[in-house]
Amino acid sequence: MTRAAPIPAAARAILDGDRRALARVISQIEDRDPTAAPITRALYPRTHAVPVVGVTGPLGVGKSSLINLLVGRLRALDRTVGIVAVDPSSPYSGGSVLGDRIRLDRPAGDGGVYFRSMASRGEAGGIAAATREVTRVLDAAGFDVVIVETVGSGQVDVAVRDVATTSVVVLVPHLGDEVQTLKAGLFEIADVFCVNKADLPGADLARRDLAELVRLGAGRAGWTPRVVSTSTTQPAGIDELWENIEAHEKFLDDSGQRPLEERRRLSSEIVELVRERVGRRLSDRLERDPSLRGLLDEVVARRIDPRTAAERLDRPGPPR
Amino acid sequence: MVRPPIRVLIAKPGLDGHDRGAKVVARALRDAGFEVIYAGLRQTPEEIVRAALEEDVDIIGLSILSGAHMALFPKVLALLKKEKAGDIPVFAGGIIPDEDARRLKKAGIRAIFGPGTSLEEIVTTAQRLARSAA
Ligand SMILES: Nc1nc2c(ncn2[C@@H]2O[C@H](COP(=O)(O)OP(=O)(O)OP(=O)(O)O)[C@@H](O)[C@H]2O)c(=O)[nH]1
Ligand SMILES: [Mg+2]
């Protein structure tokens, strides 16, 4: 028989709706602080697998503005929302300017919304791991819907598929041709395409082109991505955007895909976590352990190549 | 473990229209390795404090040009105290007469930077305040 571990006070506080405790554990997760582990461990069984909506797309297409209006829509439906907005860290200074919060415009004192800005802090895979953990903490804290904003470039949008149950890819008219969309890897991850800035000329054409592209490329596992037009400056299409997100969530339930997708995400999360741990331990040892340093010396001297060295390190038993 | 970046909230309370100065400071802090949560223009003291708590920042920087500092800055400090977050250091920048600056410091604003202050001084002061509070 297993005995349940006592619930740490911080986890209890988060479950009871304490927003300071929530904010603090999110910082610990970001900092990769080991003191977060007992808290997130205690919270995990208390999560409900709420919808996690990923909103991604190129710089400046209106992701934050759309999220602001989606939040308004969700509040009108009496649903609470937790938002995490991820921005890249500067590779030079490690710092960042997190500006997504500017677009948030909510009634004073509305406790049904929690907004958190997060820097990617380097490690590409780590973004997904930390973000996943944060979305789960928001889930445990009782939010009905979680929204994650990421800039769609390179690794980040791949990560969104490991975090979100529904991925919304935001584009704008005249951003460039569809080939660029394809190249950026944004096509594969979209459950819903959102052509924002529909108040600008060319929006109809962009929407039609996208719809055509979607029609040609069959959707993933029985779902054909939806295409929605929106404007946040002359508000339009927001209800439709939410309806399509919900339609995808419903599809996940009806088709039996939800548990399969969840498994896939969890599996990649575990692999990522192991990679992080093993990697950290190994790079420490490569510098300190004399026998491993010798191996590194061999590679530096070009007597063996890096791949062979890696194969030797990966072999079970003591390294030679 | 490497020391995590300092998280700073930069906000501009009051009604005046532009935030060039605040943006320049935000960029300098980023280049010094800070994570800058940029809250933008026309924030009420309530919104500023709420953002600081949600973002779990180590320090808050307020910028103002409109002359409303004597009303707005103490309000921010009072709200922080009310939320049991009076330990988060607050610094301020903008056009603030000496006499007001003295009173604001007495009220608990930890540092005040006039228009001539170098970015370097702002950065090092913010570092010192954030690290000493932690
Ligand atoms: N014309 C028009 N402009 C818009 C619309 N939505 C957003 N914008 C403008 O586009 C700019 C960027 O908006 P954001 O919401 O910050 O875009 P974002 O995608 O979150 O930006 P990043 O997070 O920096 O990538 C702002 O100047 C907005 O006012 C829209 O529907 N129409
Ligand atoms: Mg944004």
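Protein chains get the first letters and strands the later ones, always in sequence-line order, with residue 1 at the start of each.
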Pair Asp139(A)-Thr47(A), side-chain donor/acceptor within less than 3.5 Å
no

Describe, in one word, how the ring planes of Phe91(B) and Phe113(B) are oriented to each other, choosing from parallel (under 30°), tilted (30 to 60°) and perpendicular (over 60°).
perpendicular

Which of Ala51(B), Ala85(B), Ala39(B) touches chain A most, by non-hydrogen pairs under 4.5 Å
Ala51(B)

Is the number of heavy atoms from other residues, nucleotides or ligands under 6.0 Å of Asp16(A) CG greater than 12?
yes

Which portion of Tyr92(A) sits near chain B, non-hydrogen atoms under 4.5 angstrom
neither

Chain B contact via Arg20(A) - which portion, at a heavy-atom distance below 4.5 Å
side chain

Under 3.5 Å side-chain donor-acceptor pair for Ser63(B) and Arg20(B)
no

If only side-chain N and O atoms count, and only distance matters, is there a donor-acceptor pair under 3.5 Å linking Ser93(A) with Asp31(B)?
no

Which residue out of Glu47(B), Lys23(B), Arg7(B) racks up the most heavy-atom pairs below 4.5 Å with chain A?
Arg7(B)

Among Thr56(A), Thr131(A), Asp87(A), whose side-chain hydrogen bond (donor to acceptor under 3.5 Å, both in side chains) with Thr150(A) holds?
Thr56(A)

Whatever's closer than 4.5 Å to a heavy atom in chain A on Glu35(B) counts as both

I'd like to verify something: which residue of Ser27(A), Ser96(A), Gly94(A) has the highest number of heavy-atom pairs under 4.5 Å with chain B?
Ser96(A)

In terms of heavy-atom pairs under 4.5 Å with chain A, which of Glu54(B), Glu46(B), Arg50(B), Glu83(B) leads?
Glu54(B)

With a 4.5 angstrom heavy-atom cut-off, could you sort out which part of Ala11(B) is near chain A: side chain, backbone, both or neither?
neither

